[in-house]
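Per chain, numbering begins at 1; letters A, B, ... match sequence-line order.
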Amino acid sequence: MRAWLFGDNVDTDVIAPGRYMKFGVEEIAPHCFESVLPAFAATVQAGDVVVAGRNFGAGSSREQAPAALKHLGIAAIVAESFAGLFYRNALNLGLPALVCADAKRIRDGDAIEVDAQAGRIANHTTGETLACEAIPAHLMEMVRDGGLLPHLEKRLGRSR
Amino acid sequence: MQQTLAQKLVARAADRSTVTPGEIVTCKVDLAMMHDSGGPRRVKPMLERLGARVWDPSKVVVITDHYLPAYDDESRRIIRIAHDWVREAGIGHFYDAQGICHVVLPERGHLRPGLFAVGGDSHSPTGGAFAAYMFGIGATEMLGVLVTGEIWLKVPHTIAMEFDGALAPGVSAKDVMLFLIGRFGMDAGQYQAVEYRGPAIRALPMQERMTLCNMAAELGAQTGLIASDEVTADFLKRGVEVWESDSDAPLLAHHRFDAAALAPQVAAPHSPANTRPVTDFREVKPQLAYIGACTGAKLEDLRMAAKVLEGRKARMRLLVAPASLRDQHAAEAEGTLGILRAAGAELLPNACGICAGYGEHLLPENAVAISSTARNFKGRMGAPSSQVYLASPYTVAATAVAGRIADPRELLQ
């Protein structure tokens, strides 16, 4: 799955511009990264991975930022670090966000495979395997359920 | 065990006597605030899908501020959903078109020291100025709060930012924050708590303290905090409990600065961390000066602009969007707004507006603006080619007068 490489401090306005916030995610997603990488939304394939440096997702609480990436088929986001609010939002939507100190060893266009459960990235282009920090145990079940909404649905259904 | 203010606030909400930084706890939420963009239009369908009700409607505050004034079918629909949902769900507190949520919330008495609160907006740490633990969350996480009344939290470490002395005339909380973000970076807060301390902080009025905590977001902290004192009590017009860190509570980092040495700061496009002293930007000639947002258009901010603009004329377009209706009325009554108008300011509605990329006044291609807002990310306030310089209300006003980025201290002499 193709790695799309970004730098440090990628902000939520770049991921999901405010001027499209009034629309649903279907209409926001085509504008994802348009101010820095206009071809992204039209080129990205289901299963691709966003790879970034420090503080990915800085800025807004807008959940449409991870939602747009998920809508475009992004399978996981790997970064040296995440803005805390974005990190929580991504996991709440069931989109794995993995902290990887070696994220910058991945090059743009590398074919990589992310195992969120194991916290491991296989780089098929270089043959390297990179370790990630594990997603906290209390959140992994929610991510497996597909996010907080289906997770709550399951919990509430069980309690009825 | 010595505890920081952050630990004490989290411990109370987690029903524990003490908590340790790094541990994961579940906190009971005292207050959940939402605005029209991330609030009702997002949580209503999810609540319906779950067939769930709001855990305690008396603890929920809804404030419309993003899609106001409604200017097309989508924005009208978003505002209408807010009205409908507040009624259907029996929400206790609804402020429609009264101003920006972070400013309206405390001015209507919803915050007090000791509270544990969440807001559906990244600038929710503003509430930390009242020694309340408040932080921003997304819409799905808000759904979780609305259904359960609880939220998980990794107990934060505290980074202390201590300012000795006093800020010089013409230097404000905004300059403090631009300086800190420039010096330490947008991820310096590491999603921990930042606590502002020292005589220069204690001397600040409440709304200036709110600016510090507001921009804890741009510093990458989960929240920004200031211990409660008589300034907090005066603003809230009530007696308040003292909530503060124990003197020897362990800190992740402790930075000390001489407040008097701080010059006005400006952040160049496209990051609040691109900060240098104002004097480095004298060649920049914006066409637009904007005083707006929760960060930069509260009553205190309007007063700063008026100090510079009194008896002077703006040489560029000057837009002022007072952060709340109540602040606008106060500014009108005391003459502040009259000074701004006489200087040529055009008044915009009490809403997020251009700051968040909403409304009809977005920056056109290649526009250069100076703004008292919090973020100058590429394309945030309009066209991706527009250039936004961030500064204090003093500096924005001085720039409007000078026709180029200017040091307000020279006009205040």
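- Of the atoms belonging to A:His138, it is side-chain heavy atoms, and not backbone ones, that fall under 4.5 Å from chain B.
- Close approach to chain B, defined as a heavy atom under 4.5 Å from one of its heavy atoms, is seen in A:Met21, A:Lys22, A:Phe23 of residues 21-32 of chain A, taken by number.
- Applying the salt bridge (charged side-chain N to carboxylate O under 4.0 Å, His left out) rule to pairs touching residues 71-86 of chain A yields A:Glu80-A:Lys104, sequence neighbours excluded.
- Judged by distance alone, with hydrogens and angles left aside, the side-chain atoms of A:Arg19 form no donor-acceptor pair with the main-chain N or O of B:Tyr358 at under 3.5 Å.
- The choice from A:Leu148, A:Leu149, A:Asn9, A:Val36 that makes the most heavy-atom pairs within less than 4.5 Å of chain B is A:Leu149.
- In terms of heavy-atom pairs under 4.5 angstrom with chain A, the leader among B:Ser122, B:Pro384, B:Gly185 is B:Ser122.
- Comparing B:Ala383, B:Ser271, B:Ala139 by how many heavy-atom pairs each has under 4.5 Å with chain A, the most go to B:Ala139.
- Taking the six-membered ring wherever Trp is involved, the centroid distance between the rings of A:Phe6 and A:Phe33 falls below 6.0 Å.
- Of the listed residues A:Leu91, A:Val14, A:Leu139, the one with more heavy-atom pairs under 4.5 angstrom with chain B than any other is A:Leu139.
- Looking only at heavy-atom pairs under 4.5 Å with chain A, the residue among B:Trp152, B:Phe135, B:Phe377 that has the most is B:Trp152.
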If you apply the rule salt bridge (Lys or Arg N to Asp or Glu O under 4.0 Å), what do you find for A:Arg2 with A:Asp110, and how did you get there?
CA-CA 6 Å; A:Arg2 187 196 196 286; A:Asp110 281 359; over 6 Å; no
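- Put simply, of B:Arg375, B:Glu218, B:Met381, the one with the most heavy-atom pairs under 4.5 Å next to chain A is B:Arg375.
- Ranking B:Ala221, B:Ser75, B:Gly138, B:Gly38 against chain A, the residue ahead of the rest is B:Gly138, based on heavy-atom pairs under 4.5 Å.
- In this structure, the portions of A:Asn92 lying under 4.5 Å from any heavy atom of chain B include both its backbone and its side chain.
- In this structure a side-chain-to-backbone donor-acceptor pair under 3.5 Å is present from B:Arg41 to B:Ser37.
- Only the side chain of B:Thr148 comes within less than 4.5 Å of a heavy atom of chain A; its backbone N, CA, C and O stay farther away.
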Starting from the C-alpha separation in whole Å, work towards a yes-or-no answer on side chain to side chain donor-acceptor pair (under 3.5 Å) for A:Glu63 and B:Thr140.
CA-CA 8 Å; A:Glu63 199 172 66; B:Thr140 299; 2.8 Å; yes
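- Within the structure, every pair that satisfies the salt bridge (charged side-chain N to carboxylate O under 4.0 Å, His left out) test and touches residues 125-134 of chain A, not counting sequence neighbours, is listed here: A:Arg105-A:Glu128.
- Judged as a salt bridge (charged side-chain N to carboxylate O under 4.0 Å, His left out), and not counting sequence neighbours, A:Glu113 has no contacts.
- Judged by distance alone, with hydrogens and angles left aside, the side-chain atoms of A:Lys70 form a donor-acceptor pair with the main-chain N or O of A:Leu93 at under 3.5 Å.
- Stacking of B:Arg53 on the aromatic ring of B:Trp55 is not recorded, the 6.0 Å distance cut-off and the 45° axial limit not both being met.
- With B:Asp36 as reference, B:His66 is the one residue of B:Arg80, B:His66, B:His83 to meet the side chain to side chain contact (heavy atoms under 4.5 Å, CB included) rule.
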